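Have a look at the structure below before the remarks.
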Amino acid sequence: MAMDGGPNRRPKPLAAPPRPRSAPAVGPGELDAAARAAESLFNRFDDIVFNMANRAAQFVTEDIQHDLREQFLAAVHGNVDAFLQLLMHRVALEEIEPVDASVEYSTRLAHRGVPAYVLLNMYQAAQDLLLDECFEAVEALECSSGMKLRVLHYMSSVVHRFTEWMELHLIAVYEREREIWNTTSGNVRYALVLNVIEGAEVEIGSFEEEIGYLLDQFHVGLVAWTDSADRDPDVLREVERGAQRLVTHAGAARAPLFAAVDRGTAWMWIPRGQRSDPLSSGQVEAAFGNIPGCRVAVGLACSGIEGFRLTHRQAQGARAVAMRSPGVPPQVSGYADRGIALLSMLTGDFAGDEDAVRDWTRWVLGPLAEPSDSVVRLRETLLVFLETGGSLVATAKRMSMHRNSVAYRIQRAEELRGRAIDDDRADLELALRLAFHLAL
């Protein structure tokens, strides 16, 4: 599924919005006092950025928060810094320039289809916080009440005019990007895929004909993101070629489904036909390893339209875990990697989702999740075996069985599952407990 233009199309020049309205004229004493107040705020810079980020983040969904976290924090940081520098160095409002990080963030929101009013709500929330901070900083100044009143009036005017101008500029950026994004066929594909992901009723035949991708098969979902989109506008084309290489490495007979989400993010599905085995990290690394700054999160192989949605959610969950980890995320984060699924279910989109817990339990246990009486007995024996530290004698004693019978059941459980106990001992024990409590 090749991209047709999409996020790499070069936008037409953006008409410059009106320059900011001038702040009311004040004397040198008021400017000096405002600068001192701004310096006191600058000493609390990290706290202000943190509080502003928390206040503004409530207006976007959790997946947007995860996906655009770096751009969002850079935008908040840039706006607070620009405002305080304006006051500390007595820069005229007419001389300021747009905050680059805010322009980038508004562009990403436009690509994601986030309504423009969300951007305005975020700036209004930020403005309210700045006004509160300015009031406290002015109140702490050692000067007359009259001077404080004049300084507060001046700083409030600067806050309003700064916010107003940034809103005008960013809405212009947003509208231009939405127009471009909505008129390219590569991004129309994203809109169609999004309908499926969000659970909308879909005519499968029409979708398959329009997209050229079969839903009645196993799929492995991937989410790729890169921090080099600004430096390399063609990076998503490299990511798409990586998806095509992965199809070759995985031995798939059909082309992948590729949907550009924004300039630095893409969703992919690798067709697996009737194969339910997961993709290995080595295969994914070989396909995407030569793309600078590219990170990939991978779901499990899941079937049908529900599997199409589920494997994508798993990839998103793996990505969320990777993004929360300290330092640079690994190049490949798999939902099947040790501990990733559990962390996702505890902290990410799957938190509190019993269906996701059941799916994970069945995946860990494999055929050992079958509900037959004989398989249930194997699970019970294996759980006791793990609880007793792998002791055949202690297991036999607790279950009133002969030691050889325990050994047979453990061997049979390993054979049925197709994996050795020590391959994923912690996950296995938890899955066995969940199987009991969820009555699989």
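Values reported hereafter were calculated over all heavy atoms of this structure, with side chains retained and with hydrogens, waters and symmetry mates removed. Keep in mind it's a predicted model, so treat the numbers as computed, not measured.
Within the structure, salt bridge (Lys or Arg N to Asp or Glu O under 4.0 Å) contacts touching residues 84-93 (residues at least two apart or in different chains) are Asp32-Arg90. Under the salt bridge (Lys or Arg N to Asp or Glu O under 4.0 Å) criterion, the residue pairs touching residues 134-151 are Glu30-Arg150, with sequence neighbours excluded. Under the salt bridge (Lys or Arg N to Asp or Glu O under 4.0 Å) criterion, the residue pairs touching residues 272-299 are Arg272-Asp277, Arg275-Asp277, with sequence neighbours excluded.
Residues passing the salt bridge (Lys or Arg N to Asp or Glu O under 4.0 Å) test with Arg254: none are found, sequence neighbours excluded. For Arg309, the salt bridge (Lys or Arg N to Asp or Glu O under 4.0 Å) criterion is met by Glu306, not counting sequence neighbours. Under the ring-ring contact (aromatic ring centres under 6.0 Å, His included) criterion, Trp269 pairs with Phe308, His312, sequence neighbours left out.
When the shell of 6.0 Å around CG of Asn54 is examined, it contains more than 12 heavy atoms from other residues, nucleotides or ligands. More than 12 heavy atoms of other residues, nucleotides or ligands sit less than 6.0 Å from atom NE2 of His160. Heavy-atom neighbours of Asp216 CG from other residues, nucleotides or ligands within 6.0 Å: at or below the threshold of 12.
Under 3.5 Å, the side chains of Glu164 and Gln127 contain no donor-acceptor pair of N or O atoms. For Thr107 and Tyr174, the side-chain atoms include no donor-acceptor pair closer than 3.5 Å. With 3.5 Å as the limit, one finds no donor-acceptor pair spanning the side chains of Asn43 and Ser40.
To the nearest 0.5 Å, atoms CZ (Phe135) and CE (Met155) are separated by 12.0 Å. The structure places CG of Leu383 at 10.5 Å from CG of Leu430, a figure rounded to the nearest 0.5 Å. Atoms CG and CG, from Leu73 and Leu68 in turn, are 10.5 Å apart once rounded to the nearest 0.5 Å. Between the OG atom in Ser106 and the CG atom in Leu119 there is a gap of 6.0 Å [rounded to 0.5 Å]. Here the CZ atom belonging to Phe50 is positioned 12.5 Å from the CZ atom belonging to Arg55, to the nearest 0.5 angstrom. Here Ile48 contributes atom CD1 and His77 contributes atom NE2; the two are 11.5 Å apart, rounded to the nearest 0.5 Å.
If you run side-chain hydrogen bond (donor to acceptor under 3.5 Å, both in side chains) between Tyr123 and each of Asp128, Asn79, Thr163, only Asn79 comes through. Shown are Asp427, Asp424, Asp423; of these, the salt bridge (Lys or Arg N to Asp or Glu O under 4.0 Å) with Arg417 is made only by Asp424.
Side chains of Glu429 and Glu387 form a contact here, defined as non-hydrogen atoms less than 4.5 Å apart. Using a 4.5 Å cut-off on side-chain heavy atoms (C-beta onward), Tyr154 and Cys134 make no contact. Counting only heavy atoms from C-beta outward, the side chains of Gln65 and Thr61 never approach each other to under 4.5 Å. Two residues are said to be in side-chain contact when any heavy atoms from C-beta on lie closer than 4.5 Å; Tyr213 and Gln217 meet this criterion. Using a 4.5 Å cut-off on side-chain heavy atoms (C-beta onward), Ile421 and Leu382 make contact. Residues Arg245 and Phe288 form no side-chain contact, since every pair of their non-hydrogen atoms from C-beta on lies 4.5 Å or further apart. Within the 4.5 Å cutoff, the side chain of Val220 has no heavy atoms near those of the Leu246 side chain. In this structure, the side chains of Glu39 and Leu84 stay at 4.5 Å or more apart for every pair of heavy atoms.
Contact record, Ala224 with Cys294: CB-SG, 4.4 Å, taken as the closest heavy-atom pair. Closest of all the heavy-atom pairs between Gln314 and Cys302 is OE1-SG, 3.8 Å. In terms of heavy atoms, Gly389 sits closest to Arg425 at C-NH2, 3.9 Å. Shown here for Trp267 and Val193, the closest heavy-atom pair between the two residues is CE3-CG1, 4.3 Å. Heavy-atom minimum distance, Ala250 versus Gln283: CA-NE2, 3.8 Å. The two residues Ile270 and Ala243 make their nearest non-hydrogen contact at CD1-O, 4.1 Å.
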* To do: Take Val296 and Val223, measure what side-chain contact (heavy atoms from CB on, under 4.5 Å) needs, and give me the verdict at the end.
  => CA-CA 6 Å; Val296 184; Val223 176; over 6 Å; no
* Check the pair Ser206 / Glu209 against side-chain contact (heavy atoms from CB on, under 4.5 Å), numbers first and verdict last. => CA-CA 5 Å; Ser206 299; Glu209 182 177 355; 5.7 Å; no
* To do: Show your working on side-chain contact (heavy atoms from CB on, under 4.5 Å) between Leu300 and Trp363 and close with a plain yes or no.
  => CA-CA 9 Å; Leu300 303 176; Trp363 173 72; 3.6 Å; yes
* Asked: Should Ser102 and Leu170 be marked as a side-chain contact (heavy atoms from CB on, under 4.5 Å) after you check the CA-CA gap, both sets of side-chain angles, and the distance that decides it?
  -> CA-CA 8 Å; Ser102 292; Leu170 296 180; 3.9 Å; yes
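The backbone N or O of Gln244 lies less than 3.5 Å from a partner atom in the side chain of Thr248, making a donor-acceptor pair. In this structure, Asp337 contributes its side chain and Ser333 its backbone to no donor-acceptor pair below 3.5 Å. Thr311 contributes a side-chain N or O that, together with a main-chain N or O of Gly221, makes up a donor-acceptor pair within less than 3.5 Å. Between the side chain of Ser156 and the backbone N or O of Leu152 there is at least one donor-acceptor pair closer than 3.5 Å.
Salt-bridge formation is not detected for the pair Arg237/Glu240: no Lys NZ or Arg NE/NH1/NH2 atom is positioned less than 4.0 Å from an Asp or Glu carboxylate oxygen.
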